[in-house]
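See below for the structure under consideration.
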Amino acid sequence: MVTKQYTGSPDEANLRRADSLAREIFSDVANKWALLIIEALGESTLRFGELRNEIEGISHKMLTQNLRMLERNGLVSRTVHPVVPPRVEYALTEPGLALRVTIEGLCHWTHRYLGHIETSRHRFDA
């Protein structure tokens, strides 16, 4: 995977530019599984199986892929304990916790306007 390097230029932080690092990061974290993983981790530390149980419908593969991507972006830390069998725990890093505040806002917005959206969908589909 080729990753753009951040040079500090404003172009790299411009979400509207197709070649910006900001857009690449936005694309990584703005998917339903990443958002749900960040929300589920909250301020706790969870093992893989616990995290999978928290997120109904996520496959082993999707959880693994998204945890790796979040770890790569520095939003999730992965701790492997040297025991048999190995115990692996996941937690949000400081940037991950900061992003979670934004995700909580999205969750509140969803709950607040769920009825409105449902009504609009019924009206549109009719």
Side-chain angles (χ1 to χ4, degrees):
M1 171 183 275
V2 177
T3 300
K4 297 165 186 66
Q5 297 295 313
Y6 181 65
T7 59
S9 73
D11 290 341
E12 290 299 308
N14 186 346
L15 284 173
R16 294 190 178 136
R17 285 183 50 117
D19 64 342
S20 76
L21 178 59
R23 184 183 281 191
E24 183 180 319
I25 294 166
F26 186 79
S27 177
D28 281 350
V29 299
N31 76 68
K32 71 177 177 181
W33 297 125
L35 295 173
L36 291 170
I37 290 167
I38 292 168
E39 194 277 328
L41 279 172
E43 294 183 21
S44 60
T45 299
L46 297 174
R47 295 176 69 175
F48 186 92
E50 294 171 326
L51 195 48
R52 188 168 176 199
N53 291 338
E54 287 289 321
I55 305 170
E56 189 174 311
I58 192 167
S59 69
H60 186 280
K61 179 183 176 182
M62 288 309 299
L63 181 55
T64 299
Q65 286 177 350
N66 277 275
L67 283 170
R68 286 180 182 161
M69 174 272 299
L70 291 168
E71 182 182 11
R72 180 174 182 264
N73 283 315
L75 302 173
V76 168
S77 66
R78 179 179 182 263
T79 305
V80 180
H81 298 277
V83 295
V84 177
R87 190 175 89 228
V88 181
E89 296 176 331
Y90 298 91
L92 294 177
T93 61
E94 183 179 337
L97 288 167
L99 179 56
R100 185 169 180 265
V101 173
T102 300
I103 292 169
E104 284 177 340
L106 183 59
C107 291
H108 291 303
W109 174 87
T110 302
H111 289 293
R112 182 175 180 183
Y113 293 104
L114 193 60
H116 172 81
I117 293 167
E118 186 176 31
T119 300
S120 294
R121 285 180 171 189
H122 287 303
R123 192 171 39 244
F124 183 88
D125 293 343

Separation of [Y] [atom2] from [X] [atom1] (nearest 0.5 Å):
X      : Y      : atom1 : atom2 : answer
Ile37  : Met69  : CD1   : CE    : 7.0 Å
Ile117 : Thr110 : CD1   : OG1   : 6.5 Å
Thr119 : Arg121 : OG1   : CZ    : 11.5 Å
Leu46  : Glu54  : CG    : CD    : 6.0 Å

Donor-acceptor check, side chain of [X] to backbone of [Y], threshold 3.5 angstrom: yes or no?
X     : Y     : result
Glu50 : Arg47 : yes
Ser77 : Thr93 : no
Ser27 : Arg23 : no

Determine whether [X] and [Y] fall in the same hydrophobic cluster, where Ile, Leu, Val, Met, Phe, Trp and Tyr are linked whenever their side-chain heavy atoms lie under 4.5 Å apart.
X      : Y      : value
Val101 : Ile25  : no
Leu51  : Val80  : yes
Tyr113 : Phe124 : no

Notebook entry, point to check: Tell me, which pairs form a ring pair (Phe, Tyr, Trp, His ring centres under 6.0 Å) where one or both residues lie in residues 14-56, sequence neighbours left out?
Noted result: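 For residues 14-56: Phe48-His60.
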Note to self: Are more than 12 heavy atoms, taken from residues, nucleotides or ligands other than His116, located less than 6.0 Å from that residue's NE2 atom?
What the structure shows: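 Check fails, neighbour count at 12 or below.
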Are any non-hydrogen side-chain atoms of [X] and [Y] less than 4.5 angstrom apart?
X      : Y      : result
Leu75  : Asp28  : no
Glu118 : His122 : yes
Leu92  : Ile38  : yes
Thr45  : Tyr90  : no
Arg52  : Ile58  : yes
Leu35  : Leu106 : yes

Next item on the list: State whether Arg87 and Glu89 are salt-bridged, where the test is any N-O pair (Lys NZ or Arg NE/NH1/NH2 against Asp/Glu carboxylate O) under 4.0 Å.
Entry: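 A salt bridge links Arg87 with Glu89.
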Checklist line | Glu43 and Leu97: CA distance, side-chain angles, deciding distance, side-chain contact (heavy atoms from CB on, under 4.5 Å) verdict | finding: CA-CA 7 Å; Glu43 294 183 21; Leu97 288 167; 3.9 Å; yes
Notebook entry, point to check: Does the side-chain contact (heavy atoms from CB on, under 4.5 Å) test come out yes or no for Val29 and Leu99, once each step is laid out?
Noted result: CA-CA 9 Å; Val29 299; Leu99 179 56; 4.2 Å; yes
